[in-house]
Amino acid sequence: MFVQNKCLVTYCKNNALSTFDQDGNLTEEKSYCLDHIPNPGQIKQQIYEYIKNNDKIIGLNACGLIFKDINLSNKQFFGCNFTHCTFTNLHSENTKMRMCVFDYTVFSDCNLINCHSIFTSFSQCTFTHSLFTSSDMIQTNFNGAKAYQSSFDDSDLFNSRFRKATLVNTSFRNCNLKKCNFIDSVRSNVSFKMSNTREAIFDVLGTGLETGYSQDVDLLSNTPPAGGNK
């Protein structure tokens, strides 16, 4: 896992950004968070260059950074921290993520296709026009996430969690949803066509959906309208 050094500012509870030695290698020295680091431009560039130049990345802490128009295809991330980051126009194919944290991160117009994720957290993230298609996202945490016009089609989501997630115009077609948890999620125009919804969990009784379609939900009243959605 990443080294959870706290910011050197006494009252700050944020995690410090990663530090680098003269050869560009990661160190475990204590440092500052993005809000308090004296040279934010320099450390941002070091992190960008480190990701660009390395295919296997272990223990990187990049909290709060903005990533735009980057390609993470075929890279491997182990125990990295990307909380409160922003990814725009990200292109990523065959990317591997193990025990990484993306909590409270924003993804906009991103493609994460054929990715492999285990024990990774996307809790409270926001996904807009983003694709997670043809991916293996095993035991991955999407609790509290918000997904708008996004797709998880053709993916293995075994034992992943979408508790209290908000899913709007988002599809889970032809997915493995065995033990996938959707308790207290708010869903509007969500398709589960060709997915094994009976093996997923949609309420505290542990029951799944009888059909491949989710009922529309009034996002204001949280009450399903008559007729559902197909």
Side-chain angles (χ1 to χ4, degrees), residues 1-5 15-29 31 33-34 43-127 130-143 145 147 150-162 175-176 180:
M1 288 292 289
F2 52 87
V3 177
Q4 297 190 57
N5 288 328
N15 285 327
L17 293 170
S18 290
T19 55
F20 301 85
D21 60 23
Q22 293 182 346
D23 296 321
N25 299 313
L26 281 173
T27 71
E28 296 184 1
E29 294 181 7
S31 184
C33 69
L34 185 61
I43 193 62
K44 287 180 184 178
Q45 192 59 39
Q46 287 178 323
I47 291 176
Y48 295 150
E49 288 297 321
Y50 186 81
I51 293 175
K52 179 181 179 180
N53 296 330
N54 292 273
D55 291 329
K56 188 174 183 179
I57 300 166
I58 302 175
L60 178 69
N61 195 327
C63 295
L65 267 63
I66 296 175
F67 298 88
K68 186 176 181 180
D69 301 324
I70 64 169
N71 192 326
L72 300 180
S73 295
N74 300 310
K75 293 187 179 293
Q76 302 178 54
F77 295 89
F78 298 88
C80 295
N81 188 351
F82 291 95
T83 57
H84 294 283
C85 286
T86 299
F87 289 90
T88 303
N89 197 29
L90 163 68
H91 182 75
S92 177
E93 292 188 26
N94 198 36
T95 302
K96 180 182 292 185
M97 295 170 282
R98 298 289 186 272
M99 298 181 70
C100 293
V101 181
F102 292 85
D103 294 356
Y104 299 96
T105 288
V106 175
F107 293 83
S108 179
D109 298 304
C110 294
N111 293 330
L112 294 95
I113 300 172
N114 195 31
C115 290
H116 307 272
S117 164
I118 297 179
F119 304 125
T120 289
S121 179
F122 294 90
S123 178
Q124 303 294 331
C125 283
T126 299
F127 306 105
S130 295
L131 303 179
F132 288 87
T133 54
S134 303
S135 294
D136 295 329
M137 309 194 80
I138 311 300
Q139 299 193 81
T140 297
N141 178 13
F142 292 95
N143 289 344
S150 296
S151 173
F152 293 84
D153 292 352
D154 304 308
S155 293
D156 188 348
L157 297 168
F158 173 76
N159 206 27
S160 290
R161 301 172 302 285
F162 290 83
C175 289
N176 176 25
C180 196

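It should be emphasised that the depicted structure is a prediction, and the values quoted were computed from it without experimental measurement.
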*When you check the side-chain N and O atoms of Thr140 and Ser117, is any donor under 3.5 Å from an acceptor?*
yes

*Nearest-0.5 Å distance that lies between atom CG in Asp136 and atom CG in Asn114*: 7.5 Å

*Examine distances only and state if a side-chain atom of Thr126 and a backbone atom of Val106 form a donor-acceptor pair shorter than 3.5 Å.*
no

*His84 to Thr105 - nearest heavy-atom pair and separation*: N-OG1, 3.4 Å

*Side chains of Ile138 and Asn159: does their closest heavy-atom pair fall under 4.5 Å?*
no

*So, the side chain of Ser130 versus the backbone of Phe127: is there a donor-acceptor pair under 3.5 Å, distance only?*
no

_Partner residues of Asp55 under the salt bridge (Lys or Arg N to Asp or Glu O under 4.0 Å) criterion, sequence neighbours left out_ = Lys75

*CG of Leu90 to CG of Asn111: how many Å apart, nearest 0.5 Å?*
8.0 Å

*Measure the spacing between CD of Gln76 and CG of Asn54 and express it to the nearest 0.5 Å.*
11.5 Å

*Is the backbone of Asn61 close enough, under 3.5 Å, to the side chain of Ser18 for a donor and an acceptor to pair up by distance?*
yes

*Is Cys180 close to Phe162 at the side-chain level, that is, under 4.5 Å between some pair of heavy atoms?*
yes

*asked:* Quick one, Ser73 and His91 - any side-chain contact, counting heavy atoms below 4.5 Å?
replied: yes

*For Met97 and Thr120, which heavy atoms make the closest approach, and how far apart are they?*
O-OG1, 3.6 Å

*What distance separates Asp156 CG from Cys175 SG, expressed to the nearest 0.5 Å?*
8.5 Å

*Between Phe142 and Phe122, how do the two ring planes meet: parallel, tilted or perpendicular, split at 30° and 60°?*
parallel

*Do you know the tightest heavy-atom contact between Asn143 and Arg161?*
OD1-CB, 3.2 Å

*State, with a plain yes or no, whether a side-chain heavy atom of Ser31 is found less than 4.5 Å away from one of Leu17.*
no

*Evaluate whether atom CD1 of Ile118 has more than 12 neighbouring non-hydrogen atoms of other residues, nucleotides or ligands under 6.0 angstrom away.*
yes

*Side chain Ser150, main chain Ala147, donor-acceptor under 3.5 Å*: no

*Could you pull out the closest heavy-atom pair between His116 and Arg98, with the gap in Å?*
O-NH1, 3.2 Å

*asked:* Using the salt bridge (Lys or Arg N to Asp or Glu O under 4.0 Å) criterion, which residues pair with Asp103? Sequence neighbours excluded.
replied: none

*Does some side-chain heavy atom of Cys110 sit less than 4.5 Å from a side-chain heavy atom of Ser92?*
no

*Could you list the residues that satisfy ring pair (Phe, Tyr, Trp, His ring centres under 6.0 Å) with Tyr48, not counting sequence neighbours?*
Phe67

_Which residues pass the side-chain contact (heavy atoms from CB on, under 4.5 Å) test with Asn89, not counting sequence neighbours?_
Asp69

*Hey, does the side chain of Ser135 reach the backbone of Met137 with a donor-acceptor pair shorter than 3.5 angstrom?*
no

*Are Ile58 and Leu26 side-chain neighbours, meaning at least one heavy-atom pair lies under 4.5 Å?*
no

*For the residue pair Lys44 and Ile47, establish whether any side-chain heavy-atom pair is separated by less than 4.5 Å.*
no

*asked:* My understanding is that only residues two or more places apart in sequence, or in another chain, count here; which of them pass ring pair (Phe, Tyr, Trp, His ring centres under 6.0 Å) with Phe77?
replied: Phe82

_Within the 3.5 Å criterion, strictly below it, is a donor on Asn25 or Asp23 matched to an acceptor on the partner's side chain?_
no

*ring pair (Phe, Tyr, Trp, His ring centres under 6.0 Å) partners of Tyr50, counting only residues at least two apart*: Phe20

*What's the spacing between Leu131 CG and Phe107 CZ if we round to 0.5 Å?*
13.0 Å

*asked:* Ignoring hydrogens, what is the shortest heavy-atom contact between Cys85 and Gly64? Give both atom names and the distance.
replied: SG-N, 3.6 Å

*Can you measure from CD1 (Ile51) to CG (Asn71) and round to the nearest 0.5 angstrom?*
12.0 Å

*Strictly by modelled atom types, are Ser108 and Thr88 linked by a side-chain donor-acceptor pair under 3.5 Å?*
no

